[in-house]
Amino acid sequence: MKMKFLTFSFTMIVLFTFSACKKNKDETAVSKLSLLIGKSWVMTKNEVQFNGGPLMDVFPFFDDCAKDDRWVFKGDGSVQLNEGPSACDNNTPGQVLAERRWAFRDNETKLEIDGKPGVIEQLDQSVLRTSINDPVAGKVVLHFAHP
């Protein structure tokens with residue numbers, strides 16, 4: 001009898017312990033908005049698929065001073081492209097080079113920048129990857145990370 005009671009008690013303790021540790025999905029979920037805005041993103045790869053061929057990374061052909069430029073998505077729907085630490089020409093680090101508009105579309109599965117919708121392939125704490133079908137360049141996959 002004592003053994004059954006101990007087994008029952010142990011089982012109940014284990015069940016309550018694991019159920020207490022179970023987190024609510026809403027508490028642990030991080031919104032795509034909070035993952036995207038307020039942080040600097042730096043392009044790490046720019047793949048282009050010409051005429052249905054294989055994806056080719058053209059990022060190595062960018063000027064070195066442009067490779068560290070910062071993309072900053074803001075909560076007001078603007079995105080700034082800022083000069084990175086290694087400034088090109090007469091620019092200064094941090095200088096705003098361009099400002100565009102952005103928005104989520106289709107239940108936050110697409111990221112639209114200046115009217116061009118891109119499919120969000122990955123968006124998490126450290127990576128943003130979006131693919132765009134461009135009528136001229138074909139498929140373009142942009143990879144970003146935090147500096």
Side-chain angles (χ1 to χ4, degrees), residues 8-147:
F8 175 75
S9 297
F10 178 75
T11 304
M12 294 308 291
I13 289 170
V14 169
L15 285 173
F16 282 118
T17 301
F18 285 115
S19 65
C21 290
K22 191 175 181 180
K23 291 188 178 183
N24 184 344
K25 266 178 108 173
D26 295 335
E27 292 174 10
T28 59
V30 179
S31 74
K32 286 186 179 180
L33 181 65
S34 67
L35 290 170
L36 185 66
I37 66 170
K39 303 167 190 88
S40 292
W41 293 93
V42 175
M43 188 177 296
T44 57
K45 192 184 272 190
N46 184 337
E47 296 177 299
V48 180
Q49 184 179 35
F50 297 105
N51 299 321
L55 285 170
M56 182 176 72
D57 186 10
V58 296
F59 190 67
F61 303 106
F62 285 26
D63 289 334
D64 286 340
C65 62
K67 289 180 180 177
D68 63 354
D69 289 349
R70 309 300 204 237
W71 294 63
V72 181
F73 293 85
K74 298 185 176 193
D76 65 358
S78 66
V79 58
Q80 285 183 340
L81 178 60
N82 298 327
E83 184 70 73
S86 58
C88 297
D89 301 325
N90 294 326
N91 298 336
T92 57
Q95 179 180 347
V96 177
L97 302 174
E99 189 158 342
R100 305 280 187 252
R101 301 297 304 164
W102 76 271
F104 282 128
R105 297 285 184 239
D106 296 340
N107 202 24
E108 296 186 346
T109 61
K110 293 183 180 175
L111 177 62
E112 182 179 281
I113 299 176
D114 272 356
K116 291 187 178 183
V119 175
I120 298 172
E121 295 183 1
Q122 182 177 356
L123 176 56
D124 57 36
Q125 297 286 349
S126 57
V127 174
L128 166 61
R129 186 174 61 242
T130 183
S131 62
I132 302 162
N133 287 318
D134 186 89
V136 176
K139 181 178 181 178
V140 178
V141 183
L142 302 174
H143 300 251
F144 296 90
H146 295 298

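No experiment lies behind these values; they were computed from the predicted model shown.
Side chain of Asp63 to main chain of Cys65: no donor-acceptor pair is present (N/O by atom type, distance under 3.5 Å, no hydrogens or angles). For Asp124 (side chain) and Ser126 (main-chain N/O), a donor-acceptor pair under 3.5 Å exists by modelled atom type. The main-chain N or O of Ser86 is found under 3.5 Å from a side-chain atom of Asp68 such that the two form a donor-acceptor pair.
Atom NZ of Lys110 has 12 or fewer neighbouring heavy atoms from other residues, nucleotides or ligands inside a 6.0 Å radius. Around atom NZ of Lys32, more than 12 heavy atoms belonging to other residues, nucleotides or ligands sit under 6.0 Å away.
Closest non-hydrogen pair, Ser131 versus Val141, comes out as CB-CG2, 3.9 Å. Of all the heavy atoms in Leu55 and Gln49, the pair that sits closest is CD2-CB, 3.6 Å. Contact record, Phe62 with Asn46: CZ-ND2, 3.3 Å, taken as the closest heavy-atom pair. Across all non-hydrogen atoms, the minimal contact from Asp76 to Ser78 is OD1-OG, 2.7 Å. Of all the heavy atoms in Ser40 and Val72, the pair that sits closest is OG-CG2, 3.9 Å.
Within the structure, ring pair (Phe, Tyr, Trp, His ring centres under 6.0 Å) pairs that include any residue of residues 78-100 do not occur (at least two apart or interchain).
Using a cutoff of 4.0 Å between basic side-chain nitrogens and carboxylate oxygens, Arg100 and Asp114 are scored as salt-bridged. Salt-bridge annotation for Arg105 and Glu112: present, with a side-chain N of the basic residue lying under 4.0 Å from a carboxylate O of the acidic one.
Residues Asn82 and Trp71 have side chains not in contact (no heavy-atom distance under 4.5 Å, counting atoms from C-beta outward).
No hydrogens or angles considered: nothing links the side chains of Asn107 and Thr109 as a donor-acceptor pair under 3.5 Å.
Under the side-chain contact (heavy atoms from CB on, under 4.5 Å) test applied with Phe144, the options Lys45, Arg70, Met43 reduce to a single match, Met43.
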message: Applying side-chain contact (heavy atoms from CB on, under 4.5 Å) to Met56 and Val48, what does each step give before you reach the verdict?
response: CA-CA 5 Å; Met56 182 176 72; Val48 180; 5.7 Å; no

